[in-house]
Asks: 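Okay, handing you the structure first.
The structure displayed is predicted, hence computed values, not measured ones.
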There are 2 protein chains.
Amino acid sequence: MKPESPRPASDTKERLLDTAERVFADHGFAGGSLRRITKEAGTNLAAANYHFGSKEGLIREVMARRLEPINREREARLERLLEEAGDAPPEVERIVEAFLAPVLRTKHELGDAGTTFMRLLGHAMNQPSDRLRDLLTDQFAGTARKFLAAFGRALPGLPPDEILWRMLFAVGAMTHTLAMSKHIVPLSGGLVDPTDVEDVTRRMVRFVTAGYLAPAAGAGAAEAT
Amino acid sequence: MKPESPRPASDTKERLLDTAERVFADHGFAGGSLRRITKEAGTNLAAANYHFGSKEGLIREVMARRLEPINREREARLERLLEEAGDAPPEVERIVEAFLAPVLRTKHELGDAGTTFMRLLGHAMNQPSDRLRDLLTDQFAGTARKFLAAFGRALPGLPPDEILWRMLFAVGAMTHTLAMSKHIVPLSGGLVDPTDVEDVTRRMVRFVTAGYLAPAAGAGAAEAT
DNA sequence: GTCTATATGGGGATAGAC
DNA sequence: GTCTATCCCCATATAGAC
């Protein structure tokens, strides 16, 4: 919002964030040490505490730097498509795309750092009761509510709880895919190309949209256990 | 395979595994210390190294104890349904169920420990190059290949790479849901009940089956970015 | 098999010079 | 803003008594 500083932003601060993102993704938040991060960033140990106050402060900035723009873009896309739809119910596929594309686009723009961040997101999601976890879910809650409302309008036949479950499934499909896609290459014998973001987006949107459009449970078939 | 020892198995060894599962799930593999695990298990620090050789040995046993039976059951269910189908192509929904139900059933049987293990699985999946990661993917590869072949027969219209992607989506939907289901309760205002395993299984099978049955990409719609 | 005690190293955070 | 040096704590692993 305010004019960028003329030189390439601060300097070591950005380098620390980039390095921390990678190290935390590779070793987890607990396993990634400030010593390692500052060393690989080419600065000294004290710099991390100087710029971020503490290890937790660094973690929070690493996450927020990526997540805030993603959720902003998601909401902007959603608002746009709702406006275009006017009084008519919006299309499910377009809502799904508004939800997924900003993440995939971010991953694409960031290159390797994008994949790294997706793994990092996986770590963050698995923190159970930490302040960090609460931060993430709180921040996501606003975006989630807007999408849940939109899906509710697009899928009037589905009860709200079913829509909520399906959003959880969709988020899982997305985060897991982005974090793991590299690892399915050997399993496929080189069949898949996880670097083709538009291709992956198309496949993911198709799968998730079909899931949302599945008929409601009713007197369901699947005999569990 | 060999006769169980008369008393409730060893004793502290099981307690250590149970405690380690919980502590690792809460704090990650790096963040969960042997000190904490042994203390909460009510034994001494040296016991962990005595029984498992090292921290890594403990981690491996924690994971293997749950994963091996799950993948065995998955394969057994798959074989059974393939036999029943005979020469006809198997039904997609039944394959999906053979893949998902053993995990959900395990989670159900284990109660709280089941949820715990699912979070733990999330941690393990996010380890990038560790030996642990390779162990998991190697072990899963055999099961995955059998399911990919079955899906190939059930969905002759889908190219193999699409089937592979969809399996990745399905695994993500499952693991993420099982790890996070507890956290969506507040978001739903109490609408959802993650403890009703048959209910969750039915919903998940329905969503994932619809995703598998979506038409192949072709000259796809979704304009990405 | 279980314990205490300890060896050895790495961790986050900070003080204070430049 | 960046550095070195240091405080103090916690980690894994092991030795050796019981």
Asks: Separation of A:Asp11 atom CG from D:dT2 atom C1', in whole Å?
Replies: 11 Å

Asks: Without decimals, in angstroms, what is the distance between A:Asn44 CG and D:dG1 C1'?
Replies: 9 Å

Asks: Please list, chain by chain and in numerical order, all residues satisfying salt bridge (Lys or Arg N to Asp or Glu O under 4.0 Å) with A:Glu68, sequence neighbours excluded.
Replies: none

Asks: For every nucleotide of nucleotides 7-18 of chain D, 5' to 3': is a protein heavy atom under 4.0 Å from its base (B), only from its sugar-phosphate (S), or from neither (-)?
Replies: ----BBBBB---

Asks: Compare side-chain N and O positions of A:Thr12 against OP1 and OP2 of D:dG1 and report whether any pair is under 4.0 Å apart.
Replies: no

Asks: Under the rule for salt bridge (Lys or Arg N to Asp or Glu O under 4.0 Å), what residues qualify as partners of B:Arg65, not counting sequence neighbours?
Replies: B:Glu14, B:Asp18, B:Glu21

Asks: Rounded to whole Å, how long is the line connecting atom CG of A:Leu58 with atom P of C:dA13?
Replies: 10 Å

Asks: Could you pull out all residues at least two apart from B:Thr115 that satisfy side-chain hydrogen bond (donor to acceptor under 3.5 Å, both in side chains)?
Replies: B:Lys107

Asks: If only side-chain N and O atoms of B:Thr43 are considered, is one of them under 4.0 Å from the OP1 or OP2 phosphate oxygen of C:dT2?
Replies: no

Asks: Would you find a donor on one side and an acceptor on the other, under 3.5 Å apart, between the side chain of A:Arg166 and the backbone of A:Tyr212?
Replies: yes

Asks: What integer distance in Å separates B:Glu14:CD from C:dG1:C1'?
Replies: 16 Å

Asks: Taking salt bridge (Lys or Arg N to Asp or Glu O under 4.0 Å) as the test, write out the residues that go with A:Asp199, two or more places apart.
Replies: A:Arg202, A:Arg203

Asks: Among residues two or more places apart or on two chains, list those pairs meeting ring pair (Phe, Tyr, Trp, His ring centres under 6.0 Å) that have a residue in residues 190-211 of chain A.
Replies: A:Phe207-B:Phe169

